[in-house]
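The structure appears right after this line, and notes come after that.
The structure displayed is predicted, hence computed values, not measured ones. The chains referred to below are lettered A, B, ... by the order of the sequence lines, with proteins before strands, and numbering in each begins at 1.
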Amino acid sequence: MDDRLRRSMPLFSMGIVQNLTGLTARQIRYYEENALIEPERTEGNRRVFSFNDVEKLLDIKSLLDEGVNLAGIKHVLSSKPVEANQPLNVVKQKKSDLSDADLMKYLKSELINAGKFGDQAAIQGEFSRFFNQK
DNA sequence: CTTCTGACA
DNA sequence: TGTCAGAA
C-alpha cells in the first residue's frame, strides 16, 4: 500500500534529475509548466522530484525521441491509467510502469553513462534514501 | 555553489 | 531550447 507513497516520495533535486533523465533544467521546468509533472517544493522553492516524476520524465524523453510533440505527450500521459486508443498520428503507448528494481537499474546506468564518477557517493545516497527511509 | 523566474540577441 | 541576469 505504501508503494505508491514511496514512488511519490520527494527526494531528487533538479541536478540529480538532470543526470538521471538527460534532460536540461529548462526542459524539465517547461514540462512542469505544461502540467506533465508535478514536483514538490522545498521551503526555498526548490523543486523536489519523486520516483514517479523521474519515470514520467523518462517517458517524456522517449516520446520526444519518437518525434511526439508536447500536446501528444500530454495526451499519452493523461491516458495513462486507461488503456485508451490512439488516433492516427498519435503514438502507441506500450512500455513504462517498470518495477522499482528495473527502474533503479536503468537510473544507475544513466548516471554512470552521464560520466559523473565524482558524485557516485552522492547518487548512492539518493537511492539509499528511497530504500532505508521506509 | 545550485536552483528559481522571467525574458529574448 | 539555450542562455543570461538577478535573487534566494
side-chain N/O A:Arg29 vs B:dC4 OP1/OP2, d < 4.0 Å: yes
Length of the CD1-C1' vector between A:Ile28 and B:dC4, whole Å: 13 Å
d(CD, A:Gln27; C1', C:dG2) in whole Å: 10 Å
Spacing between A:Met14 atom CE and B:dT5 atom C1', to the nearest angstrom: 12 Å
Touch class at under 4.0 angstrom, heavy-atom based, for A:Gly44 against every strand present: nothing
A:Asn19 CG to B:dT2 P, straight-line distance once rounded to whole Å: 11 Å
Spacing between A:Phe49 atom CZ and B:dC4 atom P, to the nearest angstrom: 7 Å
Sugar-phosphate only, base, or nothing, as touched by A:Tyr31 at under 4.0 Å among non-hydrogen atoms: sugar-phosphate
Nearest-nucleotide 5' precedence on DNA chain C, A:Thr24 against A:Arg46: A:Thr24
Donor-acceptor side-chain pairing of A:Ser50 and A:Asp53 below 3.5 angstrom: yes
Base-pairing assignment for B:dC8 (Watson-Crick or G-U wobble, both under 3.5 Å): C:dG2
Whole angstrom value for the distance that separates P of B:dG6 from CG of A:Asn45: 10 Å
Rounded distance (Å) that lies between atom P of C:dC4 and atom CZ of A:Arg26: 14 Å
Pair of N/O donor and acceptor under 3.5 Å linking B:dT3 base with A:Arg47 side chain: no
Distance, nearest 0.5 Å, that separates NZ of A:Lys74 from CG of A:Leu36: 6.5 Å
A:Arg41 side-chain N/O to B:dT5 phosphate OP1/OP2 under 4.0 Å: yes
Rounded interatomic separation in angstrom, taking CG from A:Leu23 and P from C:dG2: 10 Å
Main-chain N/O of A:Leu23 paired to A:Lys61 side chain as donor or acceptor, under 3.5 Å: no
side-chain N/O A:Ser13 vs B:dT2 OP1/OP2, d < 4.0 Å: no
Atom pair CG (A:Leu57) and CD1 (A:Ile28), whose distance is rounded to the nearest 0.5 Å: 5.0 Å
Salt bridge (Lys or Arg N to Asp or Glu O under 4.0 Å) assessment of A:Glu32 paired with A:Arg41: CA-CA 12 Å; A:Glu32 181 187 15; A:Arg41 293 293 183 126; 3.5 Å; yes
